[in-house]
Every structure is written in structure tokens, then in C-alpha cells.
Amino acid sequence: MAGTMTSAPQQPDPSATGAEPASANALEAARREKLRKLQALGLDPWGQRFDGHQSIGEIRRRLGEVALVNQASGERIPFPTDNSDLKTFVAERGPGETDGPQVRAAGRIVLQRPSGKAIFLDLRDWTGQIQVLIGKKQVGDDNWAVSQCFDLGDVVGVDGRLGVTRTGELTIFAESVTFLTKSIETPPDKHKGLTNPELRQRMRYLDLIHSDGVLERFLNRTKIINSIRGTLAAEGFVEIEGPTLHAIAGGAAARPFKTHHNALDIPLFMRIALELHLKRLLVGGMERVYELGRVYRNEGISPRHNPEFTMLEAYQAYGDYRTMMDLTERLIVDAVRATGQQEPLRWGDHELDFTPPFARRTYDELFVEHTGVDPASEAALRELAGKHNIETAGRHPDVIKGELFEELVEDRLKGPIFVLDYPATLCPLTKRRRDNAAVAERFELFVEGMEIANAYTELNDPDLQEQLFRTQLAGQKEEDSMAKMDHDFIRALRHGMPPAGGLGIGIDRLVMLLTNATSIREVILFPLLRPEEE
RNA sequence: GAGGCUGUAGCUCAGUCGGUAGAGCAACGGACUUUUAAUCCGUAGGUCUUGGGUUCGAGUCCCAACAGCCUCACCA
């Protein structure tokens with residue numbers, strides 16, 4: 001593929017793009033004019049394979065190989081690599097030439113400072129940025145002619161010696177330049193970059209180039225996900241890929257996206273959870289199994305919700321919710337380490353500390369602590385609910401307690417804190433404690449009031465599961481219920497699912513916390529937006 | 001789905017009481033071989049999101065639509 005498209009580039013008539021405003025046309029025309037000049041020089045404005053370059057990060061690390069050569073004595077003084085101020089260093093030791101290794105870099109031009117018969121470029125790749133000095137005399141007329149065709153945003157290669165200018169800036173002193181790719185669009189403001197949130201999301205490629213920390217955040221997202229896979233692998237878990245098209249969208253209470261398969265002529269749903277297929281695999285003997293993948297929920301969009309998001313669900317045979325609590329803590333501690341951050345982490349104007357062990361408190365303890373009300377007293381609950389305009393008539397006390405908990409406790413859980421032992425009536429798919437059937441073996445992990453993880457000792461009694469599916473269905477809108485009868489899932493449980501712990505982690509929210517993002521759209525490369533017109 | 005805020009040049013933003021549309025960056029021409037948001041001189045660049053309305057006159061006031069953000073609602 002690569003070799004077939006590199007012959008004579010097309011030269012579309014710029015006037016053919018008629019609908020554009022004149023100013024945009026003028027900016028583009030200036031770039032196309034330089035594109036034509038490159039072609040007149042016999043160069044391909046769309047570039048060719050470019051071998052043997054080093055990353056800018058690697059090149060910057062070679063500062064120690066650069067020496068200042070004193071003009072008078074000829075003495076070679078190596079530059080310090082301990083982040084000391086190079087400008088002061090040069091001022092104290094100079095004047096002199098610098099001498100450094102031959103390097104080859106490639107990247108995008110993000111700043112240009114032409115100064116007569118020299119040009120300073122700032123070249124950026126995904127590891128960093130470095131200054132390049134192109135002097136007319138130093139590179140020769142041919143290279144100089146090429147460099148006159150450079151625009152902000154172009155991708156170029158540079159060969160030269162690494163050195164330091166007398167202002168103390170690590171610089172590639174170019175000996176030749178290689179044109180790699182023309183940009184015919186104008187980049188955003190060179191200082192402020194893109195700030196319009198809509199443009200940042202629609203044109204994420206520009207956001208990645210021009211907004212500080214955006215590329216780093218998404219690379220950190222990948223590191224976090226790799227870390228999670230690594231931790232799970234070390235614990236003996238296997239990763240699987242379940243179906244994303246479900247005939248029955250079960251495993252959670254959320255509205256699914258509906259679609260259709262033409263050949264089978266059946267309705268299908270995009271999955272809303274990973275749970276039911278992973279549990280089938282538990283039945284099938286995959287004793288430690290997980291999926292880390294996308295789920296889809298046809299619901300509102302907010303700073304903490306995107307219609308498609310990434311979920312981890314892990315199931316461990318012969319474990320319970322406490323097993324999963326330990327696992328959750330390891331997953332997060334390892335992920336923090338993978339980002340290379342020191343505790344405490346910054347998150348907005350807050351600080352987060354994931355130093356283990358995380359606090360572990362029961363639901364009822366926290367309820368008393370934050371409300372001063374005995375969670376076992378139905379009268380006290382109803383009175384408290386009345387004060388907070390929470391509907392009580394005809395509702396189970398646990399449901400009232402649940403709403404009070406959400407209203408008065410959850411938002412204040414700075415965390416990280418494991419909340420454990422939920423009222424059983426709120427958790428129909430969870431095993432009860434053997435010593436207290438009113439309590440479900442479930443925990444949720446809260447950080448900054450956000451629910452990050454949710455885990456159970458999984459229900460594996462097929463008869464009870466079937467009964468719960470049926471009771472949920474009664475009197476509830478089907479689209480609002482998590483309990484959609486799934487006969488095959490019941491059949492699987494009837495063959496015997498070992499007792500197990502199950503864990504779900506909202507990966508996007510975890511990444512938000514670990515990368516100092518307060519909107520989920522900052523950690524999803526292409527969040528859902530209404531399509532642009534035309 | 002409800003409410004609030006925002007929408008002006010490629011980007012970032014001003015625009016007063018309703019009276020001829022402004023700046024910085026980017027671009028174009030010129031000067032400059034150690035600049036770093038380079039600097040200096042000059043030039044050009046606009047469907048003020050869209051559609052209605054009020055008015056002698058609307059970027060500005062009113063209504064509606066569209067898009068984004070925020071707060072709610074929905075949401076294991």
C-alpha cells in the first residue's frame with residue numbers, strides 16, 4: 001500500500017473549494033503555493049519513509065554528550081545533565097562553540113522564528129519538543145530553499161549536530177532537512193492552542209498536538225489499562241472477548257441501544273454489561289476470567305457519563321467480595337505506579353491518596369456517622385427522609401435508606417473508601433451474609449463521591465436467580481429493569497457455577513482520577529457529539 | 001427531558017446606550033544568522049451560528065432553531 005501512492009501528487013484547483021470563506025481560502029492558498037514550490041524543487045510534499053531517526057526525548061537525553069569548547073583554550077567542558085540552568089552555564093564558561101553528537105529527528109513544526117538567513121524551529125514529536133536552528137550558510141542553498149516552504153504544522157525531518165545556543169537552549173544545528181508532510185490547514189493559536197471544548201473534541205488530533213497534557217493524559221490512559229491487564233495476568237486471570245451484540249441486554253439496569261441483524265432478521269442490543277457471559281465462562285471452568293471492554297448505555301450525557309464507556313469485569317471462582325476488595329486495591333495501586341506519580345495525586349483542587357490500605361467501612365456505620373440516625377429504626381428513617389423531601393409512602397425502609405445514603409453520604413465520601421455490606425433488598429443479585437440475611441455481600445469503592453468499583457459475592461443459586469428475574473419483571477418497565485429473563489443464563493447456573501467473587505470497575509472514571517481529569521470527555525478520545533451539519 | 005451560560009476572522013478574544021466590524025496570534029510583502037509567544041515596518045482577511053421579528057437603523061433588543069458547556073433529571 002505504502003509504495004503505490006507516492007507518485008506525482010494531485011494538484012487540485014484551489015478555486016474549486018468554492019464554499020470556503022475568503023480568509024480561509026487565502027490561508028490555504030498560501031500553503032498550497034508552498035506545496036507547489038516543493039514540487040518545483042522535485043520534492044514530494046507528502047513525504048517518504050524516513051529511517052533511523054531518534055525520538056526527541058532520546059535526543060534530549062543526550063545533552064551529556066554535548067560539550068562547550070572554550071575558544072581560547074580549546075578545553076572541552078561537558079554540559080551538566082542535572083537540570084541546571086544552561087544559560088548561566090554558557091554565560092560563565094563561554095564564549096565558545098558547542099560540540100555534540102550527530103542526530104536525526106522527525107516531527108511537527110509547532111513554532112517558527114525566522115531571523116534573516118536563519119530559522120529557529122520548535123519541532124515536536126510524541127516524546128517531546130526541541131529547537132532546531134537552520135542557518136542558510138550551514139545547510140546550503142538547496143536545503144534553504146526547502147526550509148522557505150515550511151509552515152506551522154508541517155512534518156519535517158532534520159539531520160544535524162546536537163548543541164546548545166548561547167542562550168542555553170538545547171538545539172539541533174541542522175545540516176540538512178527532509179520534507180515529510182505538508183499541512184494545508186492553519187493550526188490554532190500558537191500560544192493558547194485550542195480552548196473551545198467542542199473543537200477540542202471534534203478535532204482531537206489538534207487537541208493532542210496543541211493542548212498541554214492532552215497527549216500525555218491519553219498515553220497515561222494506555223499505561224493504566226496495560227497495568228490493569230498486567231496485574232490481572234499476574235493473579236492468574238485470563239482475558240476473554242464476549243459478544244457485544246446481545247439478544248437480551250442483561251447484567252445491569254440501563255437502557256440499551258437497539259440494532260438489527262439483517263440475515264437473521266432479529267432485533268439485537270448493544271451490551272450494557274459484561275456480567276452474564278463471564279459467569280457462563282465461570283460455569284465453563286474459566287476459574288479466573290475477565291473482560292476489559294466497551295459497553296453501551298442509551299442514557300444521558302454528563303461530565304461523568306458517555307454513552308459508550310470502558311468497563312472491567314473480573315470473576316474469581318472460589319472467592320467472595322472480600323477477595324475482590326483485595327484485588328481492587330492491588331489493581332489501583334499498581335495503576336497509580338504505572339503513571340509514575342507520587343502520592344498524593346492532584347485532582348482538580350483536591351488531593352487524592354491511594355496509599356494502601358484503603359478505608360473499609362460498613363454501610364450502616366457510615367450511615368450513622370453522616371446522618372446521626374439509627375439505620376435500623378424505620379421511624380427515624382422516615383423522619384429524616386421527610387426533612388430531605390424524599391418520598392416515603394409505601395416504600396420499603398431499605399429503599400428509603402438507600403436514597404438517604406446517596407443523598408447524604410455518598411457525595412461526602414472523599415475516599416478512597418470501600419463501603420461494604422449493603423441492605424440485601426437493594427442488591428437482588430448478591431449472596432446474603434450467612435450470619436445476617438438482611439445484608440448483602442457487596443462493596444462499592446468511592447473516591448471523591450464517585451463510584452469507581454462495585455463487587456459482589458455472586459449469586460449462584462439458579463432457582464433464586466430465576467425467581468429474582470421474575471419478581472423484578474413484575475410491575476417494572478422492562479427497559480428500566482436489570483432483571484431481564486435470560487433462560488440460557490439460568491440454564492448455565494443450573495449446571496453449577498462455583499461460588500465466586502465478581503468485580504466491576506469503571507475504567508474511564510478511574511482514569512479521570514489518576515490523570516487529573518474532571519470530565520469523562522477528557523479521558524475518552526472521541527466522546528459522542530452530535531454530528532456536524534453538512 | 002428541564003433550567004442557566006456561550007456562539008464575532010483559521011485560532012484566542014474585545015465590541016459601551018441600538019448608529020460604518022476591532023485586537024493579538026496565524027497569513028502575505030519587506031528588514032534581520034543565536035531566536036525562543038523573536039522583534040520592527042507595511043498589507044490583506046468578516047454570511048457577527050441560522051431563520052424570523054421590533055426599529056429610520058440590530059453583532060447589540062425580542063422569538064425560534066442549531067451546537068457546545070454547566071447544573072439537574074435519567075443512570076449498579
Side-chain angles (χ1 to χ4, degrees), chain A residues 19-31 33-34 87 90 94-95 98 110-122 129-139 144 151-153 163-171 173 183-203 206 210 251-255 272-273 275 295 297-307 309 311 313 402 406 422 426-430 440 442-444 451-456 479-483 502 504-506 518-519 521 527 529-533:
Chain A
E20 294 294 315
S23 58
N25 263 342
L27 294 170
E28 180 179 334
R31 287 166 177 263
E33 178 56 32
K34 290 174 188 167
K87 186 172 185 176
V90 172
T98 60
V110 293
L111 280 176
Q112 243 191 139
R113 293 177 293 281
S115 175
K117 295 184 176 57
I119 305 170
F120 292 91
L121 301 178
D122 284 354
Q129 190 170 315
I130 196 164
Q131 175 169 274
V132 176
L133 171 57
I134 301 171
K136 184 179 182 186
K137 194 171 155 190
Q138 289 80 356
V139 299
W144 184 252
D151 281 307
L152 292 178
V164 175
T165 62
R166 66 168 163 254
T167 53
E169 182 74 24
L170 183 64
T171 299
F173 291 80
S183 169
I184 57 175
E185 288 280 356
T186 314
D189 186 287
K190 68 184 181 185
H191 186 52
K192 295 190 172 178
L194 269 193
T195 60
N196 181 328
E198 180 175 356
L199 294 181
R200 287 188 52 218
Q201 293 168 51
R202 289 197 194 280
M203 297 196 278
L206 282 185
H210 296 285
R255 297 174 194 217
I272 58 171
E275 177 155 350
V295 297
R297 297 188 180 180
N298 204 340
E299 282 161 2
I301 295 175
S302 86
R304 291 174 181 188
H305 299 83
N306 192 61
F309 62 100
M311 180 106 109
E313 288 195 32
E406 285 179 24
Y422 278 67
L426 302 181
C427 318
L429 300 191
T430 311
R442 170 194 188 183
F443 77 76
E444 292 192 310
E451 179 199 331
I452 299 301
N454 187 15
Y456 309 111
E479 61 187 8
D480 289 341
S481 172
M482 68 183 292
I505 294 181
T518 52
S519 167
R521 291 184 287 269
L529 291 171
R530 285 187 186 273
E532 285 179 280
E533 287 189 18

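Letters A, B, ... mirror the listed sequences (proteins, then strands); counts begin at 1.
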L206(A) CG to rC11(B) C1', in whole Å, measures 10 Å
Q.
Under 3.5 Å, is there any donor-acceptor pair linking the side chain of R113(A) to the base of rU35(B)?
A. yes
### Inter-nucleotide C1' distance (rG45(B), rU39(B)), Å rounded
23 Å
The contact string for nucleotides 21-26 of chain B, one letter per nucleotide 5' to 3', using protein heavy atoms under 4.0 Å with B, S and - for base, sugar-phosphate only and none, comes out as ---BBB
Contacts of E299(A) meeting side chain to side chain donor-acceptor pair (under 3.5 Å) (sequence neighbours excluded), chain-then-number -> none
Polar atom pairs (N or O), protein with nucleotides 13-15 of chain B, under 3.5 Å:
residue : atom : partner : partner atom : Å
rC13(B) : OP1  : T195(A) : OG1          : 3.4

Using a heavy-atom cut-off of 4.0 Å across all strands, would you classify Q201(A) as base, sugar-phosphate, or nothing?
sugar-phosphate
Applying side chain to side chain donor-acceptor pair (under 3.5 Å) to N454(A) and not counting sequence neighbours gives R442(A), Y456(A)
Separation of rA37(B) atom P from F120(A) atom CZ, nearest Å, is 13 Å
*Determine the Euclidean distance between corresponding P atoms of rA27(B) and rC11(B); express it in Å to zero decimal places.*
15 Å
As its Watson-Crick or G-U partner within any shown strand, both distances under 3.5 Å, rU16(B) has none
Taking any heavy-atom pair under 4.0 Å as a contact, classify K87(A): base, sugar-phosphate, or nothing.
nothing
TODO: Describe the nucleic acid contact of G504(A) in one word from base, sugar-phosphate, nothing, applying a heavy-atom distance below 4.0 Å.
DONE: nothing
Check nucleotides 30-32 of chain B for protein N or O atoms closer than 3.5 Å to its own N or O atoms and list the pairs.
residue : atom : partner : partner atom : Å
rC32(B) : N3   : G116(A) : N            : 3.0

inquiry  = Let's test your reading of the model: under 3.5 Å, does the base of rU35(B) pair with the side chain of Q131(A) as donor and acceptor?
reply    = yes
Can you pull every protein N or O that's under 3.5 Å from an N or O on nucleotides 1-9 of chain B?
none

